[in-house]
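Notes follow the structure.
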Amino acid sequence: MENDGNASLNKGAWSADEDTTLAQYVAHHGPKRWKTVAIKSGLNRCGKSCRLRWLNYLRPDVKRGNFSDAEEDLILRLHRLIGNRWSLIAKRIPGRTDNEIKNYWNAHLRKKAKLMEKLPAISIAAMKENLWSEEASCGTEIQETEDIGGGNEDGDDDESFDVSAPGLNWVKSFLELEEDV
DNA sequence: AAATGCGCCAACCGCGTGCGC
DNA sequence: AGCGCACGCGGTTGGCGCATT
């Protein structure tokens, strides 16, 4: 197992200097062999910590700050579809990391999702309509799915979900892969 | 103004998986 | 086939800042 447990290693928040060191090292050598990165860069950190810092913060394409409405809606819908598969959800939202999405879910969306579950079926259709029109107008770069099918309001009848909808091939193949195992 | 509570986010931890030897 | 290393994932925790009393 990867157990970088070493009492002498730095832990906790990263300093600006550490960030710079790590970013420079990765820029020269690439984001791989994190244990080597940790040692050769001179950072007194474990490889795991370096990897996480790079992925969640230092990567040039990582988008930080507020989630747009479209991103939020997408997270809600994807979570309803596939559950706590944060990395999968993150792959569908450019610039967002699994950790960030997970945090955002726990901080903001969990309550919201619960609330929505309690609402009568009103308005899944109405919500969807809203959703699409908002997304059409906000012009995000989200790799949007075109339709999420329907139903599944109570959150535990996944098999009734229509993953054959356009744009959901990835979900379909994902589910098929899961079934194969 | 001080104390306390709460929410949010960054980071850590443990475990599973993939891959090379 | 078995082993060890490296990576990736999801759950959890710690600390900071803001709001409330």
Side-chain angles (χ1 to χ4, degrees), chain A residues 1-118 140 142-143 152 155-156 158 161 163 168 170-181:
Chain A
M1 284 303 157
E2 187 184 15
N3 183 3
D4 301 295
N6 183 332
S8 68
L9 291 176
N10 279 353
K11 282 188 179 183
W14 282 65
S15 69
D17 282 349
E18 287 178 310
D19 281 348
T20 306
T21 304
L22 178 59
Q24 282 175 352
Y25 188 92
V26 171
H28 282 109
H29 299 91
K32 53 188 174 184
R33 293 272 176 179
W34 290 106
K35 200 170 182 178
T36 308
V37 170
I39 295 167
K40 298 217 169 169
S41 65
L43 289 163
N44 194 26
R45 296 271 183 177
C46 69
K48 224 172 186 178
S49 180
C50 293
R51 173 183 164 270
L52 207 66
R53 184 62 177 172
W54 170 258
L55 287 177
N56 290 331
Y57 196 86
L58 296 176
R59 238 178 3 162
D61 59 326
V62 74
K63 202 197 291 180
R64 305 193 59 73
N66 295 343
F67 279 72
S68 68
D69 288 346
E71 285 173 321
E72 189 178 304
D73 287 326
L74 190 52
I75 293 167
L76 279 166
R77 284 182 285 128
L78 288 173
H79 185 271
R80 173 164 288 191
L81 258 179
I82 60 178
N84 297 1
R85 306 294 189 101
W86 307 117
S87 62
L88 275 172
I89 294 173
K91 280 174 190 156
R92 307 303 296 181
I93 307 179
R96 300 295 187 183
T97 68
D98 58 346
N99 204 39
E100 199 177 7
I101 291 171
K102 180 171 58 183
N103 282 333
Y104 190 72
W105 173 269
N106 288 328
H108 301 94
L109 299 183
R110 196 163 45 178
K111 293 174 218 157
K112 207 170 195 173
K114 268 215 146 127
L115 202 71
M116 283 165 71
E117 272 177 28
K118 282 184 181 167
T140 65
I142 289 174
Q143 293 165 13
N152 205 26
D156 55 9
D158 285 355
F161 197 88
V163 294
L168 282 183
W170 71 276
V171 176
K172 190 179 178 186
S173 47
F174 168 75
L175 291 174
E176 281 167 357
L177 279 175
E178 290 277 293
E179 281 162 12
D180 286 348
V181 179

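Atoms considered below: every heavy atom in the structure, side chains included; atoms not considered: hydrogens, waters and symmetry mates. The chains referred to below are lettered A, B, ... by the order of the sequence lines, with proteins before strands, and numbering in each begins at 1. In this text the structure is predicted, and so the values were computed from the model without any measurement.
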If the condition is side-chain contact (heavy atoms from CB on, under 4.5 Å), which residues does [X] pass it with, not counting sequence neighbours?
X	result
Lys40(A)	Tyr25(A), Thr36(A)
Ala90(A)	Asp98(A), Ile101(A)
Asp19(A)	Trp14(A), Arg53(A), Tyr57(A), Leu58(A)

Got a second to check how far [X]'s [atom1] is from [Y]'s [atom2], nearest 0.5 Å?
X	Y	atom1	atom2	value
Leu109(A)	Asn103(A)	CG	CG	11.5 Å
Arg64(A)	Arg96(A)	CZ	CZ	9.0 Å
Asn10(A)	Asn44(A)	CG	CG	4.5 Å
Ile75(A)	Glu100(A)	CD1	CD	8.5 Å
Leu78(A)	Ile93(A)	CG	CD1	6.0 Å

Distance below 4.0 Å between [X] side-chain N/O and [N] OP1 or OP2:
X	N	value
Trp86(A)	dG11(C)	yes
Ser87(A)	dG8(C)	no
Arg51(A)	dA6(C)	no
Ser49(A)	dA11(B)	no

In whole Å, what is the span from the [atom1] atom of [X] to the [atom2] atom of [N]?
X	N	atom1	atom2	result
Ile101(A)	dG11(C)	CD1	C1'	16 Å
Asn44(A)	dC12(B)	CG	P	12 Å
Asn56(A)	dG11(C)	CG	C1'	14 Å
Asp98(A)	dT12(C)	CG	C1'	14 Å
Trp105(A)	dC9(C)	CH2	C1'	18 Å
Lys48(A)	dC13(B)	NZ	P	8 Å
Leu55(A)	dA11(B)	CG	C1'	13 Å
Leu88(A)	dG8(C)	CG	P	14 Å

Could you spell out the base pairing of DNA chain B as a dot-bracket line? Use Watson-Crick and G-U wobble contacts where both distances are under 3.5 Å, [ ] for crossing pairs, | for partners on a different strand. .||||||||||||||||||||
Of all the nucleotides listed (dG10(C), dC12(B), dC13(B)), which has the minimum atom distance to the side chain of Arg45(A)? dC12(B)
Contacts of Asn84(A) meeting side-chain hydrogen bond (donor to acceptor under 3.5 Å, both in side chains) (sequence neighbours excluded), chain-then-number -> His79(A)
If the condition is side-chain hydrogen bond (donor to acceptor under 3.5 Å, both in side chains), which residues does Thr97(A) pass it with, not counting sequence neighbours?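 With neighbours one apart ignored, the set is Asn56(A).
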Salt bridge (Lys or Arg N to Asp or Glu O under 4.0 Å) with Arg59(A): which residues, sequence neighbours excluded?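 Checked Arg59(A) against salt bridge (Lys or Arg N to Asp or Glu O under 4.0 Å); matches are Asp61(A).
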Pull out every protein N or O sitting under 3.5 Å from an N or O of nucleotides 6-10 of chain B, one pair per line with the distance.
| unit_1 | atom_1 | unit_2 | atom_2 | d |
| --- | --- | --- | --- | --- |
| dC8(B) | OP2 | Ala107(A) | O | 2.7 |
| dA10(B) | OP1 | Arg64(A) | NH2 | 2.3 |
| dA10(B) | N7 | Asn103(A) | ND2 | 2.8 |
| dA10(B) | N6 | Asn103(A) | OD1 | 3.2 |

Between the protein and nucleotides 19-21 of chain B, list the N/O to N/O atom pairs that are separated by less than 3.5 angstrom.
none

Give me the ring orientation class for Trp54(A) and Trp34(A): parallel if the planes are under 30° apart, tilted from 30 to 60°, perpendicular past 60°. tilted
I'd like to know if Lys11(A) reaches the base of dG14(C) with its side chain such that a donor and an acceptor end up less than 3.5 angstrom apart. no
Using a heavy-atom cut-off of under 4.0 Å over every strand shown, decide if Lys102(A) touches base, sugar-phosphate, or nothing.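 Base, at least one base heavy atom under 4.0 Å.
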